[in-house]
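In what follows, a single structure is set out as structure tokens and then discussed.
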4 protein chains.
Amino acid sequence: MADSTGLVRGQLRSLVERIERLEEEKAALGADIREVYGEAKANGFDIKTLRRVVSLRKLDTSQREEEQALLETYLHALGMAGEPVADN
Amino acid sequence: MADSTGLVRGQLRSLVERIERLEEEKAALGADIREVYGEAKANGFDIKTLRRVVSLRKLDTSQREEEQALLETYLHALGMAGEPVADN
Amino acid sequence: MADSTGLVRGQLRSLVERIERLEEEKAALGADIREVYGEAKANGFDIKTLRRVVSLRKLDTSQREEEQALLETYLHALGMAGEPVADN
Amino acid sequence: MADSTGLVRGQLRSLVERIERLEEEKAALGADIREVYGEAKANGFDIKTLRRVVSLRKLDTSQREEEQALLETYLHALGMAGEPVADN
DNA sequence: TCGCCTGATAGTTGCC
DNA sequence: GGCAACTATCAGGCGA
């Protein structure tokens, strides 16, 4: 573990606090998301369906990203890498 | 399911977009957290231990919150509620 | 926990053994898979690419399953469920 | 990458199919394991505890294997190898 | 060969 | 109270 000066104590404290702060914000966003679903439900939407729609769109995204990654892997395997394909 | 006017389509779109936006931010925070752990590691801290520390503190917090909630329940039952106990 | 006769001891033992047996077989399959990748490599294939291909195909599958699930969710939400869509 | 004859295509297909088949079986075993845990639960066992037991036994095993390996290393260094120590 | 990083797995939490 | 989604942990593979 890091050297045993009192300095380390301060570093540790700082790190822990930053992490906890970020996790707090993350949890808050989770709560926000749940809230939006709740609002959707109140407006007559079926939450399960809504979740599936979101999930499906996410799958689409991963699919596209995977295809891109596959292409780059091919290029790399063929020794043709290096910022190979512009995104536009 | 919500009424089938075109309005619903707009609502749905809006909901999905809000959710996706929030999930994006949430994911970004996850990345930030990972980054902090990385920084910790670079400073010689053991990530696994650090995680344990954070997790333990979280447990402590929820225990304290639970006890706090119980206390407030008692106070409320006694007709003595209202920002009853400062945390410091 | 379950009643304290000696019987329970036997049940427990049996459960643990079944689980351990299954996990062993599972680990063996993991080894087999690694072996196939190794064979692929020996035949000149790029493992990373191969993994991506497999992963991409898996994504395709999930995508299709998700779409099917979404459809069923819609049908259910509309009160039209019950073995709604044959797979053949 | 492997040579570009049509043969490669067949090899690739075969490899992917073998991998997918194995992964399928692996997933099936995972399902079996979950099923056993479910059965355990139905018989009044606490799943979390049960998992811990299995995990501990696994640790024991690897520790014992490690010790065994160390012992064999010593024996080998002393020119005394060959099925040296029975497990019972 | 070692360290990093991604993908797999187990545990936890929220929903029904 | 059971089930499913999500998060966090862990192990194996890849690159340096």
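Since the structure is predicted, the reported quantities are computational estimates derived from the model, not experimental observations. These numbers come from the heavy atoms of this one structure, side chains and all, not from hydrogens, waters or symmetry mates. Chain identifiers are assigned alphabetically (A, B, ...) following the order of the sequence lines, protein sequences preceding nucleic acid strands; residue numbering begins at 1 within each chain.
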Over how many whole Å does the gap from C:Asp32 atom CG to F:dG12 atom C1' extend? 16 Å

I need the CG-P distance between B:Leu59 and F:dA8, as an integer number of Å. 14 Å

Counting the atoms with a prime plus P, OP1 and OP2 as sugar-phosphate, which does C:Lys58 contact under 4.0 Å by heavy atoms, base, sugar-phosphate, or nothing? sugar-phosphate

Using atom CD of B:Glu35 as one end and atom P of E:dC4 as the other, report the distance to the nearest whole Å. 15 Å

At 4.0 Å (heavy atoms only), tell me whether D:Lys48 reaches a base, stays on the sugar-phosphate, or touches nothing. sugar-phosphate

Short N-O contact, C:Arg21 and C:Glu17, less than 4.0 angstrom: no

Side chains of B:Gln63 and B:Glu67: do they bring a donor and an acceptor to under 3.5 Å? no

Using whole Å, what does the distance between atom P of nucleotide E:dT9 and atom CD of C:Glu23 come to? 11 Å

May I ask you to say what D:Lys41 touches in the nucleic acid, namely base, sugar-phosphate or nothing, with a heavy-atom cut-off under 4.0 Å? nothing

Look only at the side chain of C:Ser14 and the backbone of C:Gly10, and say whether a donor-acceptor pair between them is shorter than 3.5 Å. no

Are D:Val53 and D:Leu59 grouped together when hydrophobic residues (ILVMFWY) are joined by side-chain heavy atoms under 4.5 angstrom apart? no

Please determine if a side-chain N or O atom of A:Arg51 lies less than 4.0 Å away from the OP1 or OP2 oxygen of F:dA5. no

Starting at OH of B:Tyr37 and ending at C1' of F:dC10, how long is that distance when rounded to a whole Å? 15 Å

What integer distance in Å separates C:Ile33:CD1 from F:dG12:P? 13 Å

Return the 5'-most residue of the pair C:Lys26, A:Arg34 with respect to DNA chain E, ranking by each residue's nearest nucleotide. C:Lys26

